[in-house]
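Structure, as structure tokens:
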Number of protein chains: 2
Amino acid sequence: MSQVSTPQDNGFLLDAEEVEQISRAAWYYYNDGLTQNQIADLVGVSRIKVSRLLEKGRQAGLIELRINSPHEGSLGLQEELVSAFGLTQARVVPQAEGLAAGPRIGRAAASLLTQGLCPNDLLAIGWGEAVSTTLRYMAPVFPQNNISLVSLTGGVSAYIGNTGLYGPQGFAHLIPTPLRVSSTELAEMLRLEPYVRNVLDMALTAKTALIGVGSVARSATLVRYGYCTGAEIELFTRRGAVGDVLGYFYDRDGQILDLDVHRHVVAVTPDDLRQIPSVIGAAAGPEKVEAILGLLRGRLANILVTDEPTARELLRRK
Amino acid sequence: MSQVSTPQDNGFLLDAEEVEQISRAAWYYYNDGLTQNQIADLVGVSRIKVSRLLEKGRQAGLIELRINSPHEGSLGLQEELVSAFGLTQARVVPQAEGLAAGPRIGRAAASLLTQGLCPNDLLAIGWGEAVSTTLRYMAPVFPQNNISLVSLTGGVSAYIGNTGLYGPQGFAHLIPTPLRVSSTELAEMLRLEPYVRNVLDMALTAKTALIGVGSVARSATLVRYGYCTGAEIELFTRRGAVGDVLGYFYDRDGQILDLDVHRHVVAVTPDDLRQIPSVIGAAAGPEKVEAILGLLRGRLANILVTDEPTARELLRRK
DNA sequence: CAGAATGACGATCAAATGATCCCTTGTGCG
DNA sequence: CGCACAAGGGATCATTTGATCGTCATTCTG
């Protein structure tokens with residue numbers, strides 16, 4: 001039955017027939033308010049099957065819940081953030097003790113993007129787990145509205161694999177290099193390579209960009225993915241680094257530091273990034289506060305997605 | 001407590017505090033998957049209150065369910081409609097015996113629009129119950145994305161009142177005349193009136209328009225609202241009318257008829273309407289089939305929202 | 001080809017939800 | 001001042017839902 005998908009089918013891929021079933025069930029359930037039993041009778045399957053279809057649809061992001069309110073979460077905090085840091089928009093996810101922040105931020109960012117993107121738009125994406133999580137929730141939206149993706153940095157392909165984006169991925173234009181290479185010369189050559197250059201140029205035409213915010217810690221994603229050693233991180237910290245965007249480290253004022261590693265990076269430069277009208281930074285957690293502060297002070301992003309505790313801390317330390 | 005809203009508060013208006021509560025509860029419930037009990041503890045209200053908040057949110061359209069699928073409902077029918085009538089898009093809501101078609105079509109159209117509109121866009125609206133229902137479901141979306149409304153015809157204000165659109169309505173540009181006036185001269189004068197002219201011109205700059213499809217029956221909305229008498233309808237039918245857009249009657253090929261009444265109408269002309277890139281027609285029901293056929297044959301709309309039985313009938317009679 | 005493993009499906013049951021009823025509180029009117 | 005009435009909130013209970021378990025079919029493997 002499912003001879004289409006690859007062996008390690010991760011469960012997020014649905015074939016067309018299933019999508020149709022799910023859509024129909026979802027419509028009956030959520031829009032018409034029928035019970036699962038009624039739907040079961042109508043469609044001619046068992047009730048439990050309906051329950052499973054709906055569950056699957058929610059999982060896969062096919063069924064998306066949208067909160068049409070400028071103040072999803074805490075309105076007050078959002079407004080304070082906007083005015084305190086001169087942002088154009090902010091989204092603050094409500095506090096919740098026991099829940100992992102990652103997926104929640106991802107959902108919020110995805111919802112923000114879904115609202116903000118127009119059909120046929122181009123979305124530029126940076127590097128980081130928040131980006132990956134967000135894409136994961138947006139997967140079904142892309143084909144729908146014919147949205148294309150373009151990467152701001154190398155090394156993104158590793159992430160895209162995790163996001164359940166299906167299809168031939170003709171809509172994703174990724175820089176086919178690592179984020180960081182071993183020498184200045186190689187980095188320079190790669191950046192001038194026509195295909196790479198094309199993607200970099202294309203990225204700058206995007207009206208919206210989504211970036212993660214890297215904290216400077218031995219547990220940072222950059223380290224875990226092997227782009228950086230813990231020792232290097234320590235060195236950068238001593239030079240004043242508090243975070244990174246697109247592989248470039250900056251100090252507490254958001255000033256990009258003068259580090260060798262920056263000449264080894266294959267990515268859009270922070271200055272170019274600032275040319276993109278809407279740059280969305282998504283991050284939360286106590287360990288990210290310093291990094292976010294730098295990001296905002298340096299005007300490297302003008303839209304912020306974070307959670308309640310982080311927002312409070314940002315405002316306190318403003 | 002609710003001294004803000006007018007006496008005949010229709011129950012769809014929410015004050016800011018309530019919106020915040022609802023948003024928060026909805027986030028916890030739908031995104032985090034907490035139970036109503038857990039939310040109750042978290043927010044410090046009773047469980048039943050949470051239940052009621054969520055219900056209210058859904059009612060008011062604050063909580064919206066989106067099905068991210070190109071085939072909401074019946075994919076097959078949608079594709080057939082697109083190719084049979086040369087449309088750019090079609091949306092078919094699934095069949096359901098006992099349910100009123102009106103709200104369902106409205107929901108579908110609202111969802112289509114919500115997906116297709118960009119922030120700061122202008123949406124042109126025509127005349128009819130389908131339009132009114134659709135707007136009703138979109139009310140919370142407008143302020144969110146800063147969408148403005150512009151009317152394609154006179155007489156729309158009567159409808160807008162029903163839609164629960166709140167705020168000072170600075171975002172709605174309506175033609176402040178009836179749809180139809182008593183003489184050619186008056187209609188002409190009104191059309192040249194600067195304010196009216198402005199709105200008409202503005203409507204033509206919209207990239208998207210939403211229109212209803214009037215059937216030619218004694219029960220037609222046009223008749224019920226007193227713009228037309230049953231006798232006139234009968235006359236038009238004898239002249240070959242099968243339906244109307246924006247108050248203009250057309251025959252089964254979608255050709256606009258040469259009727260006196262058209263010179264009494266204050267509205268954008270069908271020819272101008274065709275200049276709008278996306279014209280969405282929303283209608284369903286056996287009595288509308290002929291009218292929809294004419295509409296599509298005359299290329300007066302290029303996107304159709306309808307239901308399953310109507311779609312089948314359209315294809316059969318193609 | 002047999003056996004095992006994997007996944008789909010359906011039954012059972014506990015949890016969650018919302019409808020209904022009733023109580024409390026506030027409000028207007030006699 | 002008291003009474004009637006309406007609105008908001010909470011308790012109870014029937015319904016709805018999804019988690020767990022067992023069964024069957026299908027496929028991979030030896």
Side-chain angles (χ1 to χ4, degrees), chain A residues 1-65 67 96 98-99 103 164, chain B residues 1-65 67 96 98-99:
Chain A
M1 183 172 280
S2 59
Q3 72 280 25
V4 189
S5 43
T6 56
Q8 74 273 28
D9 186 328
N10 58 16
F12 291 121
L13 311 180
L14 312 169
D15 60 21
E17 188 195 335
E18 209 163 19
V19 170
E20 170 121 16
Q21 274 193 306
I22 293 176
S23 304
R24 180 175 282 256
W27 178 274
Y28 286 139
Y29 190 70
Y30 288 107
N31 287 337
D32 293 332
L34 301 184
T35 76
Q36 296 184 356
N37 256 320
Q38 294 173 293
I39 299 171
D41 292 347
L42 214 52
V43 195
V45 299
S46 75
R47 186 194 65 79
I48 200 73
K49 169 95 180 175
V50 174
S51 179
R52 282 175 182 148
L53 283 174
L54 291 172
E55 175 59 25
K56 209 163 184 177
R58 279 177 298 233
Q59 277 297 324
L62 218 141
I63 299 172
E64 183 201 332
L65 216 108
I67 302 175
L99 300 169
Chain B
M1 182 171 282
S2 59
Q3 73 280 21
V4 190
S5 44
T6 56
Q8 74 272 27
D9 185 328
N10 58 16
F12 292 120
L13 311 179
L14 312 168
D15 59 21
E17 187 195 333
E18 210 163 18
V19 170
E20 169 122 16
Q21 274 192 307
I22 293 176
S23 305
R24 180 174 281 256
W27 177 273
Y28 285 140
Y29 190 69
Y30 289 106
N31 288 337
D32 293 332
L34 300 184
T35 74
Q36 297 185 356
N37 256 320
Q38 294 173 293
I39 299 171
D41 292 346
L42 215 53
V43 195
V45 299
S46 75
R47 186 193 65 81
I48 200 72
K49 170 91 182 178
V50 173
S51 178
R52 281 173 184 150
L53 282 174
L54 291 172
E55 175 59 26
K56 210 165 183 175
R58 281 178 297 234
Q59 276 297 324
L62 218 140
I63 299 171
E64 184 203 331
L65 203 105
I67 302 176
L99 300 168

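Chain naming here is simple, since letters A, B, ... match the order of the sequence lines and numbering starts at 1 in each.
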Given atom CG of B/L54 and atom P of D/dT16, what is their separation to the nearest angstrom? 19 Å

What distance do A/E64 atom CD and B/N31 atom CG have between them, rounded to the nearest 0.5 Å? 9.0 Å

Identify the two heavy atoms, one from A/A25 and one from A/I39, that lie closest to each other, and give their separation to 0.1 Å. O-CD1, 3.8 Å

Of all of residues 37-46 of chain B, which get a heavy atom below 4.0 angstrom from DNA chain D, listed by number? B/S46

Check the phosphate of C/dG18 against B/S51, side-chain N and O only, distance under 4.0 Å to OP1 or OP2. Yes or no? yes

Atom NZ of A/K49 and atom P of D/dT17: how far apart are they, to the nearest Å? 18 Å

Round to the nearest Å and state the distance from A/L53 atom CG to C/dG10 atom C1'. 14 Å

Note down the inter-axis angle between the two ends of the helix from C/dC1-D/dG30 to C/dG30-D/dC1, five pairs each, to the nearest 10°. 20°

To the nearest 0.5 Å, what is the distance between CZ (B/R58) and CG (A/L65)? 9.0 Å

side-chain contact (heavy atoms from CB on, under 4.5 Å) against B/R47, all qualifying residues, sequence neighbours excluded: B/Q36, B/N37, B/A40

B/Q36 CD to C/dA19 P: how many Å, rounded? 11 Å

Nearest 0.5 Å please: distance from the CD atom of A/E55 over to the CD1 atom of A/I22. 10.5 Å

Hey, does the side chain of A/Y29 come within less than 4.0 Å of D/dT16's phosphate (OP1/OP2), counting only N and O? no

Working to the nearest 0.5 angstrom, can you tell me the gap between A/D32 CG and B/L99 CG? 5.0 Å

A/T35 side chain, from C-beta outward: closest of C/dT17, C/dG18, D/dT16: D/dT16

Looking at CG of B/L54 and NZ of B/K49, how far apart are the two atoms once the value is rounded to the nearest 0.5 Å? 11.5 Å

Between CD1 on residue A/I63 and NZ on residue A/K56, distance to nearest 0.5 Å: 12.0 Å

Sequence neighbours excluded, which residues qualify as side-chain contact (heavy atoms from CB on, under 4.5 Å) partners of A/L42? A/Y28, A/L34

Tabulate protein N/O versus nucleotide N/O from nucleotides 19-24 of chain D, keeping only pairs under 3.5 Å, one per line.
none

Just jot down the side-chain hydrogen bond (donor to acceptor under 3.5 Å, both in side chains) partners of A/Y29, sequence neighbours excluded, or say none. none

Tell me: CD of A/Q59 to P of D/dG18, nearest whole Å? 12 Å

